[in-house]
Amino acid sequence: MKYQNSYYQALRALRYLMVTKEKQILFYDELGLLTLLDDVDNDHNIKQYIMDFLAPLQEYQTHHSIDLIETLDVYQECNFNVAKASQKLFIHRNTLLQRLEKIAMLLDVDLNNFNARREIMNVMNLKKYYG
């Protein structure tokens, strides 16, 4: 029974790596919240949540050709550090600050708020996992 459980966990970790295209070693325990979500039979609601959350940014992108979703993703990957995110995006710090201001307005969130940041991190991780 232990082997079967280990195999199942390895498959779930592998699925995450295949979806996110990350090249690293990943342990099942490191999946955190995603271990719970993987058991959900119908992932339509999760995908709808992601789409609803990011819809204002997607709409803006279609009219202005600025990828605010990528900007937000890089910003959260850099632990909400403006200097690191602007370097990674190859844009000026002030440009990033302007984009973040636009993101905050479109999503109606305070990017300095812990709960807002946590939700952004969850959405971006779910987006990677569910595509």
Sequence-distant partners of Asp52, side-chain contact (heavy atoms from CB on, under 4.5 Å), two or more places apart: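 Per chain and number, Asp52 pairs via side-chain contact (heavy atoms from CB on, under 4.5 Å) with Gln48.
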Should Tyr49 and Ile120 be regarded as members of a common hydrophobic cluster, given that ILVMFWY residues are connected when their side-chain heavy atoms come within less than 4.5 Å of each other, either directly or indirectly?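 Yes, it is one cluster - the side chains of Tyr49 and Ile120 are joined through contacts under 4.5 Å.
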If you group Ile, Leu, Val, Met, Phe, Trp and Tyr by side-chain heavy-atom gaps below 4.5 Å, do Ile46 and Met51 land in one group?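 As far as the 4.5 Å side-chain criterion goes, Met51 and Ile46 are not connected within one cluster.
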Asp73 side chain to Ile69 backbone, donor-acceptor under 3.5 Å: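 A pair under 3.5 Å: no.
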Do the side chain of Asn113 and the main chain of Asn115 share a donor and acceptor less than 3.5 angstrom apart?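 Pair found, side chain donor or acceptor close to backbone of Asn115.
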Reported [atom1]-to-[atom2] distance for the pair [X] and [Y], which is rounded to 0.5 angstrom:
X: Met124; Y: Glu70; atom1: CE; atom2: CD; answer: 9.5 Å
X: Leu54; Y: Ile103; atom1: CG; atom2: CD1; answer: 10.0 Å
X: Gln98; Y: Arg93; atom1: CD; atom2: CZ; answer: 12.0 Å
X: Leu89; Y: Cys78; atom1: CG; atom2: SG; answer: 7.5 Å

Mind checking whether Glu119 and Phe53 have side chains closer than 4.5 Å, heavy atoms only?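 In contact.
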With a 4.5 Å cut-off on side-chain heavy atoms, are Leu72 and Leu107 touching?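 Leu107 vs Leu72: side chains touch.
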Quick one: closest heavy-atom pair of Leu68 and Gln61, and the distance?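 Where Leu68 meets Gln61 most closely, the heavy atoms are N-OE1, 4.2 Å.
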Heavy-atom closest pair, residues Arg117 and Asn112: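 Minimum heavy-atom contact is NH2-OD1, 3.7 Å.
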Return each pair, listed once, that meets ring pair (Phe, Tyr, Trp, His ring centres under 6.0 Å) where at least one residue sits in residues 78-122; pairs must be two or more places apart or across chains.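 Pairs touching residues 78-122 that pass the test: Tyr75-Phe80.
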Checking Lys88 now: which residues fulfil salt bridge (charged side-chain N to carboxylate O under 4.0 Å, His left out) with it, not counting sequence neighbours?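 Expected list: Glu77.
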Just do the side chain to side chain contact (heavy atoms under 4.5 Å, CB included) check on Asn122 and Arg118 with the steps written out, would you? CA-CA 6 Å; Asn122 288 338; Arg118 183 179 55 206; 4.0 Å; yes
Applying the side-chain contact (heavy atoms from CB on, under 4.5 Å) criterion to Thr71, which one of Lys102, Arg99, Gln76 satisfies it?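 Going through Lys102, Arg99, Gln76 one by one, the side-chain contact (heavy atoms from CB on, under 4.5 Å) with Thr71 is satisfied by Arg99 alone.
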When you look at Leu96 and Val74, which way does the side chain to side chain contact (heavy atoms under 4.5 Å, CB included) test go after all the steps? CA-CA 11 Å; Leu96 178 60; Val74 170; over 6 Å; no
Taking everything shown except Asp108 itself, do over 12 heavy atoms lie less than 6.0 Å from its CG?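 Not more than 12 within 6.0 Å, no.
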